[in-house]
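Small disclaimer: the values here were computed from a predicted structure and weren't measured.
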Amino acid sequence: MQKREKSFGIQMLSVQPDTKPKGCAGCNRKIKDRYLLKALDKYWHEDCLKCACCDCRLGEVGSTLYTKANLILCRRDYLRLFGVTGNCAACSKLIPAFEMVMRAKDNVYHLDCFACQLCNQRFCVGDKFFLKNNMILCQTDYEEGLMKEGYAPQVR
């Protein structure tokens, strides 16, 4: 059974002038700013809701925060600390959990490694690619291989 990451939404709210100021969960002072953040069922100054690792303001980097081990984290640091890493199917080097990847069935690739394994042509968004014998192929190499009898391409 795989654990799900613990992500929570962040809401930016206007402070209504006729309401009693709310206390900030970060600094415990009253929030007198024009806007406040609501996250983890608490209220925060925009400056007080920060990632415990990189200190980025979480209201600015997105609408989600992550928590684990009593830490409040941005997505990048959550994945860096607690994410699952793996190896690239093309180069076999480690792929950090926070890095963008390409996937083909059960294989995961660095973006730079996601290319035809015969001609090294890199793929652009929308390009067709084929997975044959656990190799990524461009359309040309795939079709040429189908036309040959006993298709068994060798990695160069």
Side-chain angles (χ1 to χ4, degrees), residues 1-14 25-26 33-156:
M1 187 170 175
Q2 193 175 27
K3 280 189 176 179
R4 305 277 320 182
E5 56 192 36
K6 295 183 180 181
S7 64
F8 298 90
I10 302 171
Q11 293 178 294
M12 180 174 279
L13 305 171
S14 286
D33 302 345
R34 185 173 176 181
Y35 296 99
L36 59 80
L37 298 175
K38 184 177 181 184
L40 304 171
D41 292 325
K42 298 175 184 173
Y43 297 97
W44 308 77
H45 288 105
E46 291 179 80
D47 286 337
C48 292
L49 188 57
K50 294 182 181 180
C51 174
C53 286
C54 70
D55 233 18
C56 71
R57 291 171 38 155
L58 293 170
E60 290 179 355
V61 294
S63 60
T64 307
L65 63 84
Y66 297 79
T67 63
K68 189 163 183 177
N70 292 326
L71 296 172
I72 295 175
L73 303 163
C74 66
R75 182 177 191 275
R76 180 180 171 94
D77 284 324
Y78 176 85
L79 290 174
R80 184 174 58 80
L81 293 170
F82 304 110
V84 177
T85 59
N87 290 353
C88 176
C91 72
S92 300
K93 292 182 182 169
L94 186 70
I95 302 174
F98 58 84
E99 191 172 303
M100 296 290 284
V101 297
M102 292 297 293
R103 294 181 187 277
K105 292 202 176 191
D106 294 332
N107 296 337
V108 182
Y109 303 86
H110 293 106
L111 291 181
D112 289 341
C113 294
F114 194 70
C116 177
Q117 291 178 292
L118 290 180
C119 70
N120 295 320
Q121 172 191 328
R122 295 217 23 221
F123 298 105
C124 297
V125 174
D127 286 351
K128 282 186 178 180
F129 70 90
F130 299 85
L131 193 61
K132 178 81 174 172
N133 298 331
N134 220 24
M135 290 177 55
I136 301 172
L137 302 172
C138 66
Q139 188 165 0
T140 303
D141 286 331
Y142 177 76
E143 289 172 354
E144 283 179 12
L146 286 180
M147 293 168 63
K148 293 178 184 175
E149 201 170 285
Y151 187 127
Q154 300 297 313
V155 177
R156 287 192 257 172

For the residue pair [X] and [Y], what are the closest heavy atoms and their distance?
X      : Y      : answer
Cys138 : Cys116 : N-SG, 3.4 Å
Cys74  : Cys56  : CB-SG, 3.8 Å
Tyr109 : Ala104 : CE1-CB, 4.1 Å
Gln121 : Asp127 : NE2-OD2, 4.5 Å

Check whether any side-chain heavy atom of [X] lies under 4.5 Å from a side-chain heavy atom of [Y], and answer yes or no.
X     : Y     : result
Ile10 : Thr64 : no
Leu13 : Tyr43 : yes
Leu40 : Ile72 : yes

Residue set satisfying side-chain hydrogen bond (donor to acceptor under 3.5 Å, both in side chains) with Asp77, at least two apart, ordered chain then number -> Arg80

Nearest-0.5 Å distance that lies between atom [atom1] in [X] and atom [atom2] in [Y]:
X      : Y      : atom1 : atom2 : result
Met102 : Asp112 : CE    : CG    : 12.0 Å
Asp141 : Leu146 : CG    : CG    : 11.0 Å
Leu71  : Cys53  : CG    : SG    : 6.5 Å

Counterpart residues, side-chain contact (heavy atoms from CB on, under 4.5 Å), relative to [X] (two or more places apart):
X      : value
Tyr35  : Met12, Ser14, Glu46
Ala115 : Arg122
Glu60  : Arg57
Lys105 : Leu131

For Leu73, the option from Leu79, Thr67, Leu81 that meets side-chain contact (heavy atoms from CB on, under 4.5 Å)
Leu81

Determine, stepwise, if the pair Ile95 / His110 fulfils side chain to side chain contact (heavy atoms under 4.5 Å, CB included).
CA-CA 7 Å; Ile95 302 174; His110 293 106; 3.5 Å; yes

Within the distance-only criterion (no hydrogens, no angle test), does the side chain of Gln117 pair as donor or acceptor with the backbone N or O of Ile136 below 3.5 angstrom?
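Checking the backbone N and O of Ile136 against the side chain of Gln117, a donor-acceptor pair under 3.5 Å is found.
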
Strictly distance-based, threshold 3.5 Å: is any side-chain N or O of Trp44 a donor or acceptor partner for the main-chain N or O of Gly26?
no

Please step through side chain to side chain contact (heavy atoms under 4.5 Å, CB included) for the pair Ser7 and Leu65, ending with a clear verdict.
CA-CA 6 Å; Ser7 64; Leu65 63 84; over 6 Å; no

Do the rings of Tyr142 and Phe130 sit parallel, tilted or perpendicular, given the 30° and 60° boundaries?
parallel

Step by step, would you call Phe129 with Phe114 a ring-ring contact (aromatic ring centres under 6.0 Å, His included)?
CA-CA 10 Å; Phe129 70 90; Phe114 194 70; 4.9 Å; yes

Take Leu49 and His45 through the side chain to side chain contact (heavy atoms under 4.5 Å, CB included) test and state the conclusion after the steps.
CA-CA 7 Å; Leu49 188 57; His45 288 105; over 6 Å; no

Sequence neighbours excluded - side-chain hydrogen bond (donor to acceptor under 3.5 Å, both in side chains) pairs with any residue from residues 93-104
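Non-adjacent pairs meeting side-chain hydrogen bond (donor to acceptor under 3.5 Å, both in side chains): zero.
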
Given Leu111 and Val101, is the side chain to side chain contact (heavy atoms under 4.5 Å, CB included) satisfied, shown in steps?
CA-CA 5 Å; Leu111 291 181; Val101 297; 5.7 Å; no

